[in-house]
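Following: one structure in structure tokens, then a few remarks.
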Amino acid sequence: MNPIQTVDYIRILPELVLGAFGIIVMMADAVLKPGQSRKSLGLISLVGACAGIAATFCQIAWMHRDPSFTDPGWFGMVRVDNFAIFFHLLIPAISAICILASLEYLDAQNIRSGEYYALILFGTVGMVLMSSAIELVLIFIALEISSISTYVLAGYRRRNASSSESSIKYFLLGSFATAFFLYGVALMFGATGSTSIPEIRAALAAGSPNLLAIAATALMIVGLGFKVASAPFHIWTPDVYEGAPAPIVALMSTGPKAAAFAVLLRVLFATTQTEWFWLIWVSAALSMTLGNFGALVQNNVKRMLAYSSIAHAGYLLVAFAAGGDTGKSAAIFYTAAYAAMNVGAFAVVSHFAAGGERYVSLDDYAGLGRRSPLLAFTLTIFLLSLIGIPGTAGFFAKYYVFQAAFTGHSGALIALGIIGLINSAVASYYYLRLIVLMYMREPVMAETPASATAAMRLALVLAAIATIYLGVVPNRVLNSSQAGAQDLDFTNPGKIVYHIGQPVAPATPER
Amino acid sequence: MNQNLNLWVIPLLPLIGAAINGLFGRRFKNAVVSTVALLFTAASFVWALRAVWTAWPGGGISLPYIESHGTWITAGSFSAPFGFYLDQLSMIMVLVVTGVGFLIHVYSVGYMAHEGGFYRFFTYLNLFMFFMLTLVLANNYLLMFVGWEGVGLASYLLIGFFFQKDSAANAGKKAFIINRIGDFGFLIGMFLIIQHFGSLNYADVFGKIASGHYAPELGWGLFTAIGLCLLFGATGKSAQVPLYVWLPDAMEGPTPVSALIHAATMVTAGIYMIARSHAIFNLAPHALEIVAIIGCLTAIFAATMGITQTDIKRVLAYSTISQLGYMVLACGVAAYAAGIFHLMTHAFFKALLFLGAGSVIHAIGGEQDMRRMGGLRTKIPITFWVMTAATFAIAGFPPFAGFFSKDEILGATFHSRFGGPVLWVIGVITAGLTSFYMFRLWFMTFFGEYKPGAVDEGEEAHAASAPAHAAHTTASHSHGHADDEAHGHGHVHESPWIMLAPLVILAVLSVVGGWVGIPQFMSGGQNHFEHFLAPVMESGPPTSTQAAVPVTGNDTISTHAGPPSEENAGQEWLLAGTSVAAAVIGLFFAWLLYFKRRDLPGRIATKIHGIYLLVLHKYYIDEGYGAIFVKPLLALSTVVFWHGVDQGIIDGLVNGAGSTSKGIGNELRRMQSGNIRSYAAWVAVGGAAVVAIMIWLGVGR
Amino acid sequence: MIIHQILFIIFGIICVAGAVNLLVQRHPINSALSLVVVMASLALIYLLLGAEFVAAIQVIVYAGAIMVLFVFVIMLLNAGSEERTRGSHIALFIGVPGVVVLAGTVAWLLIHSGGQLGSVQISSSDFGNTQDIAHLLFKDFLLPFEITSVLILIAIMGAVVLGRKES
Amino acid sequence: MVPLSWYLILSAILFSLGVFGFLLKRNIITIFMSIELMLNAVNLSFVAFANYWNTHQAKLASGANVVPLSGHVFVFFVMVVAAAEAAVGLAIIISVFRTRETLNVDQVNLLKL
Amino acid sequence: MNHAILSLVTFLPAAGAVVLMLMPRNDHVLRWTALITSIVTFLFSLDIVRLFDYSERGFQSNMDINVPWILHVIHYHLGVDGISMWLVLLTTLLVPVSVLVSWKSIHDRVKEFFVLLLLLETAMIGVFLALDMFLFYVFWEATLIPMALLIGMYGHERRVYAAVKFFLYTMVASVFMLAAIIWLYTHTHSFDYATVRQWIADGNANGGSTLQWLFLGFFIAFAVKVPLFPLHTWLPDAHVEAPTAGSVLLAGVLLKMGTYGLLRFNVGMFPAQAAANAQWINVLAVIGIIYGALVALVQPNLKKLIAYSSVSHLGFVVLGIFTLTQIGTDGAVYQMLNHGISTGALFMLAGMIYERKHTYEFKEYGGLATPMPVYATFFLFAVLSSVGLPLLNGFVGEFLVLSGTFQSPLPHSMLFSILGASGVIWGACYLLWMYQKVFYGQIHHAENKGLADIDRRERVSLVPLVVMAIIMGVVSPFWMKSIDPSVGNTIPKAAVAKTKACPGQCAPAAEASVLHKISATLAGEKQ
């Protein structure tokens, strides 16, 4: 009997589909003429991303049919549970919106190579895999897939010095951090004899505190902390985001980040929380503070949003520090909320940047409320969400995180929560600055911004709807994130919260 | 008792008049406006007469008569109704107000005929009537306060009637604000009453006092406190020291306004209020003592200032303050009836004086400076004669009205333990001064030669040294009478009959008005006025309070009710004689200085230059208030509060927090040097820190 | 078994020396060659640890393929000796002490737990043989192995995209 | 008998030298080589631990045997990844060299603050 | 239907905003649509009054709507009581008026303006009606954006500074409230106002210091909004720069959100803390009254003066609330409504003159009563209402507040009352000073001679406020009969009683001793 069964293929169906579409795009690229617009490839890849989502729905269907679906597959390599499904839906969606935003961008930048879309799709494969992988080997490879594709994409504007600089910085520092991660994995292997997360979890839970394992955890935190851009490993973010093409920043500030957070969730909650609590506490406080204060003085939109993304990583880590089901659930929810608003914001940035990314200074945004009402309006929604105004994803996510922090009833957590709240108030200044510029200043830019293409509009509207949806009626997503949080301990088979065409079962009140 | 008097109609009628004129008056002809205003005022007067007639003591209605028309304010256990109250006291007040008010309305039709804003004037005037009637008819302090504030508003509007003139606008504002300062005291007094009696209704409050329903250990101090607060309110409204300063300035208003509001009615509200609250004051002898002193002080103080004024209306204004001082003095010596009596007679003759002065001013084209008058006796004879009656009345010559009321007060002062001879002497001196400055006015205006455009040589130098004063007189030229300028100088004319008729009626009242209160020792019969008011005033302190207030014997708070015994009659005659003598002396000096030897005033002025200037500038009280209160306050507000605290400290902190954050941000971003090796160093250091912290904490565990 | 220790010390010293030389040399070619030395001696240490397969691919893939690529690029770009620019004080004054702390902590930890860990020895000769690895790789680790293809695809594509001449 | 800690310390030394290399070298290619050095150090740890687990046959918490060889497999994957990284990394370096005409990292500091 | 009325009133303006958003940019149609929407909202809000059941002291059960929203713990819970009902009506009254007053003054980006205005209305109504603390916070913050945008987009020269200052001030402060709400949730597992209130009342919160922190968390958020001295400096800037409608709603409604919050949450939920903290809060309130007035006195700018007058007036409200007496709090609630009417009218009037003169500086005015008599009359009404003239609305509130303060059992309240009562003097000072500067005297600027008096539309927009000022001044029981029981239901009884019981600090005792001292001294003199 073949040890690899059909269900195993279903467990990696989104990856397979995405990879297949990646290959299709590569092949099709060869058919197109060199100077021709690659829009058609973009559309194919868009279909691919959507197919990835569809594949995830297929997984959900299997989940309903086969209770053993959530068991580890591929000899303990992957586990497609509620947690993984959450990211399987989220990440291709992010990619899809990034692709939509790229369609126009590539033409504007006069980039005519279809590998771009293939790289996005392959990177998505890596990210998706990161969320379902439960074996450090596979996590490592998936991480590298997503990283390498983003290294390349960051340098995609090859004629541009800052783009290649961004790429090299990202690459060198990323590899540097990966080495730390690997070192941690090695020590963990030494400490527990396994690289499988459930095994590690079980070993650590059973054994006495093991310094080697602690050191291993620390080193893995370094590596993953780098990927999620949390202080003190955030330092690369502004430079890389500034130099990289805007749609790619939209992607890499959300997709790989969400995936990295997924891994961080898997890894950290496999170890003992008390060991890393203070570390994450400090990191969260530092990230929020450094990010927000850094952003206060930026004049480049991309850089500003980069600092803001550091700060948001900090908020997310607050949820980690809070721990517990609420904390994990809050962290999961936050990734989605952050993705929705940040993808949207960078999509707008990529539109306004125009050819050569000329217009990325804050002042270039003056008077946009008058010139491009729709784009300014959607950007306002994203910014408000980033500030954390009620009715938007950002608010509920933040609220949920802080609620998790306060639920602990511990002084340290409440203090962290307060630091976070003050930070989010400070942060409102720089987001507001952009809104102010758009609506309250007269344009200084001589050039009238081009009107957005339908694809761009679609991308923005989708992102805006997601932002509002997550802020106003987050029940469905909250249910999923709660279920995902419960699946993080690998023990319960996981109740199925995803339904296709059926009403959402009422969630249990949080306690 | 069952009869409904519908007192509410009395104040409401003028309000309707005000509403009609206010809303539509702009489109009406002057005749329509005046008809409306007069109609509603007259109706109000008639209704008041009817009410008084019906409720006259001995009639079918037991006094006080109270009617209530729903609640105005309610909160928690507190509530204040729209309620009206009629007793002997309010009967007198309501008749004076509606009666004199109506006459002045009539007069105004003539006086204001050529002014702009005719409808506005009558709107305000009717509005004033509404508030004043509310004040005197209210059955609770809160509703009285409505009238109290409302008349302040009407006064503000009417003083500032010629709003294009800065001085008029300033005067209106000053009047309102200073009244507000007094109102502040009234408010606190009301709070105290609410706190301890739970209600502001007269019936409740006085009933509780009468039955001793108040905490005995609080009683005495409490009543003193309430009394002082109410007194403070009264000093504002009735222009007593130290809040009298607004009244002279209030002469910026049209003359009928001065007559109605600033002489006959509104300014007496304070006296009415004290008389109304006599039950409280009777229990607070120290408050009464202070009332008496303030009244006496005001009387003499204002009288001295009246001496040097050359503006005819200002002389009358100071005279009013002085006379109000008498009334307050009367209240202070617990002779409330005497105070109200003087209030009434004063309403007659002072209204007359103002209206007469208005007639004079009208006659000579808006001129108010007495130095530019003279010899008008023959040119406007009717005005002269009515003015003469009023002057004799105010100076206190028998048998004019002023004599009886003033004598009543002085007598009561002499007998009272709160007053005593000292205050009596001051009162008599004031009477002499009153006589002096009133006859000064009389002589300067009606005798000698008419000299328009001239300033008395003797006083010229001093007039020049008083620029404010000079400015004032020129300003008065420029007001609404400017169009009369053509027939102003040299074309002196008697006023029309619509103005003269009220004068004549008031003149009659000034003569005979006092006869209702001829004291017992003169007439042999009873003092009708006092007797009439006795039921109100004697519902004073029950003897039971004596125990609670041991320091105040019942004798000290005698209400001057009992008729003096036979043996005292001689003393009474002597006292009356003294005050008449003082008046005669005043008349003599006025004749000497302003008729016989017209050079003398100037020479005296140069001789006692310092004192003269002091008095001429009204003791620099206005300037003093300015320097002590107004300027420092404005400076404090501007420099310390606004620029200092607001913009400096608070906004400094706020903006400072902003720039500090940016500074921190700027420092932090220096980490972002752009160098990959530095970045790697941060990552490495971070890694080192992470590992070290975790190992350290792990070992510690 | 002292021979093991002696061999370990010899190869270890060569390793460290090579690594230090990598740092000291200013021309990248020299550094690259030092790295090859390190890798080669590491392969020998792997043999000491009984990891024959790993030792073999260490030589073939690492020392062979990857380092050749490095040398190729160095030659391609005609990289000269590195200039001693003073770009980063932070790296020197903060980074180096930081790394010392890191290394010290890890070393302390390893020595500290070394007692618990015990020693290693060359075990039975069938440990680490290729067959076992193959079993592992194509069964338990099949999915990572297959997924690696995506990684390599991306690498190829990335290299092509970035290295391609501008059109 | 070589104590395991010797191997691990050697690994730590090599790793640290790699980090030093990153911090101190100016040439991008050399820096990249330093990273390779770090990866090699990690590989050494893996192999050493694999040997260790082979010596101490133990059970995992789940009851399964420890598979010491997975350390070797991990090294194998690290090498694959290193190769892929090398390909991409060197391409990026070429790309940087094309735009900046330098390989000195201190001069690649356009993006900052 | 009854249960839908609150939602209807709340979201009708938002629905209108959505419709406006989709409409073409025909300014005239947009204006009419906005006007009709707001008037219809007002008419619907009248239905709340019709349905109001006076026998119910607390929240009206017949209009209550409570459905789970997020995760079964966050509810969509709207409810109304005698306090919030009138604040809602104030809002729905002021919005149509604001629409009218913006008719001509807004001619650029008209669509955005009315959309923001209507969204703001929804948020404001929501704040007053929300009984779920999460929902309350949502609405609370939701008011920020439209307001900041209104100021920043349609304001005057320094509008951006003002908008940002307004936003940050309130944003930073409300964060503390959010912290307190979350803390409460994590202990009570409920956001429901009544539940949490009961939880605290049952003494479940361990230790007073926790409650003290929670109290402060709410307090800061509300104090900034009120604004209470010394957190008031955003207000003058915001007012001066805001467009007229913005000022009207800012002063008329947004500030009331702060005092409403103080009453509903600080006093309603933390009675013991409210009593314990009343001292210094009242000190701040009294400072606000006097300080605001004094600074208003020296402002050279019409709108700034009115803004500072708001600081002073809102000081009365806070003072009234923290007397913790029935009368004082009744007065405070009434004063909230009054201030909305009178200051709203003042800002509208200021806006009308701005439309003609394009400046708020007094030195550009003077003598305007001559060319604009009708305008001057309306202005006088607003001034008098603001001054607190009896028979106009302002008096009722001020009187009750001060009277309540005077009788409050809290220590020193008599002193606060007396100092607060001095506000009636200051109020007269700065308002009459302002009135004189604008309307009296000779006209110094020739162009002022030809100023047009206010037109029909402007009169129509002012009349409701003037009429309300009179009606509220004369028949206050109409409002009080619903306010009074609800206030009684909100303010603490036990807490005050507790304070009363404390020996030595009890006010009546202290005051008795003062009076006793006076009488003893006087008696000594006499003997």
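With a 4.5 Å cut-off on non-hydrogen atoms, L42(C) touches chain D through its side chain but not through its backbone. Contacts between L7(C) and chain D at a heavy-atom distance below 4.5 Å are absent for every atom of the residue. For I92(D), the parts lying under 4.5 angstrom from a heavy atom of chain C are both the backbone and the side chain. Interface remark: F70(C) contributes backbone and side-chain atoms alike to the contact with chain D (heavy atom separation under 4.5 Å). With a threshold of 4.5 angstrom between heavy atoms, M157(C) does not approach chain D through any atom at all. Interface residue L136(C): only side-chain heavy atoms are found under 4.5 Å from chain D. Interface remark: L10(D) contributes side-chain atoms only to the contact with chain C (heavy atom separation under 4.5 Å). For T148(C), the part lying under 4.5 angstrom from a heavy atom of chain D is the side chain only. Heavy atoms closer than 4.5 Å to chain D are found in the side chain of Y62(C), but not in its backbone. Q25(C) touches chain D through its backbone: at least one of N, CA, C or O sits under 4.5 Å from a heavy atom, while the side chain does not. There is no contact between A65(C) and chain D, counting heavy-atom distances below 4.5 Å. Contacts between I156(C) and chain D at a heavy-atom distance below 4.5 Å are absent for every atom of the residue. Of the atoms belonging to V24(C), it is backbone heavy atoms, and not side-chain ones, that fall under 4.5 Å from chain D. Looking at V38(C), the atoms closer than 4.5 Å to chain D (heavy atoms on both sides) all sit in the side chain, from C-beta outward. With a threshold of 4.5 angstrom between heavy atoms, S11(D) does not approach chain C through any atom at all. V16(C) touches chain D through backbone and side chain together, each having a heavy atom under 4.5 Å away. For a residue to count as touching a neighbouring chain, one of its non-hydrogen atoms must lie under 4.5 Å from one of that chain's; by this rule I57(C) touches chain D with backbone and side chain alike.
The two residues P28(C) and T30(D) come nearest to each other via the heavy atoms CB-OG1, 4.0 Å. Contact record, G21(D) with L23(C): CA-CD2, 3.0 Å, taken as the closest heavy-atom pair. Taking both residues in full, the closest heavy atoms of A19(C) and L17(D) are given as CB-CD1, 3.5 Å, listed atom of the first, atom of the second, then distance. The shortest heavy-atom contact between A51(C) and V47(D) is CB-CG1, 3.6 Å. Scanning all heavy atoms of the two residues, the minimum distance from A87(D) to A159(C) falls at O-CB, 4.1 Å. Across L110(C) and A12(D), no two heavy atoms sit closer than the pair CD1-CB, 4.2 Å.
If you tally non-hydrogen atom pairs under 4.5 Å between each of V19(D), L44(D), I13(D), V88(D) and chain C, the highest count goes to L44(D). Of the listed residues N104(D), I9(D), I28(D), T102(D), the one with more heavy-atom pairs under 4.5 angstrom with chain C than any other is N104(D). Of the listed residues N40(D), L103(D), I94(D), the one with more heavy-atom pairs under 4.5 angstrom with chain C than any other is N40(D). For the set L39(D), L37(D), I93(D), V75(D), the entry with the most heavy-atom pairs within less than 4.5 Å of chain C is L37(D). Between chain D and the residues I152(C), L151(C), V106(C), the largest count of heavy-atom pairs under 4.5 Å involves L151(C). No other option in L102(C), V100(C), V99(C) has as many heavy-atom pairs under 4.5 Å with chain D as V99(C). Of the listed residues V80(D), V105(D), N109(D), the one with more heavy-atom pairs under 4.5 angstrom with chain C than any other is V80(D).
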Steps toward side chain to side chain contact (heavy atoms under 4.5 Å, CB included) verdict (M67(C), M33(D)): CA-CA 9 Å; M67(C) 287 321 294; M33(D) 284 193 271; 4.0 Å; yes

Test side chain to side chain contact (heavy atoms under 4.5 Å, CB included) applied to F46(D) and V54(C), step by step: CA-CA 11 Å; F46(D) 267 118; V54(C) 174; over 6 Å; no

L90(D) vs L76(C), side chain to side chain contact (heavy atoms under 4.5 Å, CB included): CA-CA, chis, key distance, verdict: CA-CA 11 Å; L90(D) 291 169; L76(C) 175 76; over 6 Å; no

Evaluation steps, side chain to side chain contact (heavy atoms under 4.5 Å, CB included), between F76(D) and F141(C): CA-CA 11 Å; F76(D) 170 78; F141(C) 289 89; over 6 Å; no

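Considering CG of L77(C) and CD1 of I29(D), their distance stands at 5.0 Å, rounded to 0.5 Å. The CZ atom of F20(D) lies 10.0 Å from the CG atom of L92(C); values are rounded to the nearest 0.5 Å. Note that the OH atom of Y46(C) and the CG atom of N43(D) stand 4.5 Å from one another [nearest 0.5 Å]. The line from NE2 of H72(D) to CZ of F53(C) is 10.5 Å long, rounded to the nearest 0.5 Å. For the atom pair CD (E36(D)) and CG (L35(C)), the distance works out to 7.0 Å, reported to the nearest 0.5 Å. Here CG of N27(D) is found 10.5 Å from CD1 of I29(C). Values are rounded to the nearest 0.5 Å.
You'll find the side chain of F77(D) reaches within 4.5 Å of the side chain of L137(C), heavy atoms only.
R98(D) contributes a side-chain N or O that, together with a main-chain N or O of G163(C), makes up a donor-acceptor pair within less than 3.5 Å.
Shown here is Q131(C), whose CD atom has no more than 12 heavy atoms of other residues, nucleotides or ligands within 6.0 Å.
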